[in-house]
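The chain is numbered in sequence order, starting from 1.
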Amino acid sequence: MAGNAKVGNRVNLWTRWQALEYITSQNFDGERLTPWAGERGAGAIGAWRTALVREMGGYHIDTVAEDADLTMALMRSGYRVEYEDRALAFTEAPTSANALMRQRFRWSFGILQSIFKHKAFSRARAPWIRRASQHPHFQICFPWSRPSST
């Protein structure tokens, strides 16, 4: 299950922009994608069935986005990820441009690693590939163009 992640450390312009980004991109997408069953990864807030995680072999160390890797493995096995807006978690956002770029590079790189690892599955699931190709744009360029929240 994927949930509603919020930025808990709104301490400067960088973190306030990310708070707005989380609200607009992650939370709205979660609600929009729920009817498409399983097209959303768990990300910053996820609840996993322990038996299923064990069935998939646990978290693998061959990607830097373990949640995306596990999500794709579960979906490849016929499971899905549901979004629940009432599941709430606070995350700590990077407070500088350098830290934000490192985080977004890791996210983009890890998702691409997971897509290549699960390439036969990814080809059959076009929405994953579409979102992955847009990922650098929406996760780096677009958030910078948004105004800060108050």
Side-chain angles (χ1 to χ4, degrees), residues 1-54 56 58-77 79-115 117-118 122 125 127-150:
M1 178 200 68
N4 187 346
K6 299 206 178 275
V7 173
N9 64 325
R10 298 179 190 190
V11 296
N12 62 23
L13 186 61
W14 294 107
T15 57
R16 288 193 301 271
W17 270 344
Q18 290 171 82
L20 182 59
E21 176 205 7
Y22 272 55
I23 291 166
T24 58
S25 67
Q26 293 185 11
N27 297 331
F28 288 161
D29 279 352
E31 292 177 13
R32 180 179 61 79
L33 295 175
T34 297
W36 294 1
E39 294 298 338
R40 177 183 173 93
I45 174 172
W48 306 89
R49 291 184 182 162
T50 305
L52 293 179
V53 173
R54 288 184 179 139
M56 298 298 117
Y59 284 101
H60 295 254
I61 61 170
D62 56 350
T63 68
V64 294
E66 299 86 359
D67 59 327
D69 181 29
L70 182 57
T71 297
M72 288 184 190
L74 286 166
M75 289 176 14
R76 189 181 66 213
S77 296
Y79 297 101
R80 63 185 192 193
V81 176
E82 292 289 336
Y83 176 79
E84 176 52 62
D85 188 60
R86 294 173 295 172
L88 181 64
F90 289 89
T91 187
E92 186 172 322
T95 58
S96 69
N98 186 34
L100 178 62
M101 290 300 102
R102 285 194 326 259
Q103 177 197 60
R104 299 309 165 94
F105 177 80
R106 183 177 52 80
W107 286 1
S108 298
F109 184 72
I111 289 172
L112 289 173
Q113 284 180 313
S114 298
I115 286 171
K117 180 178 177 179
H118 302 279
S122 298
R125 302 290 280 216
W128 270 101
I129 293 172
R130 275 198 309 274
R131 276 196 298 286
S133 66
Q134 297 170 347
H135 192 267
H137 173 74
F138 285 109
Q139 295 296 327
I140 296 172
C141 301
F142 187 60
W144 283 14
S145 67
R146 295 180 185 173
S148 66
S149 61
T150 55

- Message: side-chain contact (heavy atoms from CB on, under 4.5 Å), that's the test. Do V7 and W17 meet it? Break it down for me.
- Response: CA-CA 10 Å; V7 173; W17 270 344; over 6 Å; no
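- For residues 86-102, every residue pair satisfying the side chain to side chain donor-acceptor pair (under 3.5 Å) rule, not counting sequence neighbours, is listed here: E84-R86.
- A donor-acceptor distance shorter than 3.5 angstrom exists from the side chain of N9 to the backbone of A93, with no hydrogens or angles considered.
- Between Y22 and N4 the shortest side-chain heavy-atom distance does not fall below 4.5 Å.
- Minimum heavy-atom separation, M1 to A87: CE-CB, 3.5 Å.
- Across every non-hydrogen atom of Q18 and P94, the tightest pair is NE2-O, 2.8 Å.
- Between F105 and F109, the ring planes are parallel. Angles under 30° get that label, and only those over 60° would be called perpendicular.
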- Trace of the side-chain contact (heavy atoms from CB on, under 4.5 Å) decision for I115 with M72: CA-CA 8 Å; I115 286 171; M72 288 184 190; 3.5 Å; yes
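- Across all non-hydrogen atoms, the minimal contact from G110 to V64 is CA-CG2, 3.5 Å.
- For the pair Q113 (side chain) and A65 (backbone), a donor-acceptor distance under 3.5 Å is absent.
- Taking NZ of K117 as the reference point, atom OG1 of T63 lies at 5.5 Å (rounded to 0.5 Å).
- Here the closest heavy-atom approach between residue D69 and residue S114 is recorded as N-OG, 3.3 Å.
- M101 contributes atom CE, which lies 13.0 Å from atom CZ of R106 (distance to the nearest 0.5 angstrom).
- Distance CZ/R80 to CE/M75: 12.0 Å, rounded to 0.5 Å.
- One distance of note links CH2 of W14 with CG of L100; it measures 6.5 Å at 0.5 Å rounding.
- In this structure, the side chain to side chain donor-acceptor pair (under 3.5 Å) partners of T15, at least two apart in sequence or on a different chain, are N12.
- Taking both residues in full, the closest heavy atoms of E66 and H60 are given as CG-O, 3.7 Å, listed atom of the first, atom of the second, then distance.
- We find the CD-OG distance between Q103 and S108 to be 10.0 Å, quoted to the nearest 0.5 Å.
- Not counting sequence neighbours, the partners of L52 by the side chain to side chain contact (heavy atoms under 4.5 Å, CB included) test are R49, E55, L74, Y79.
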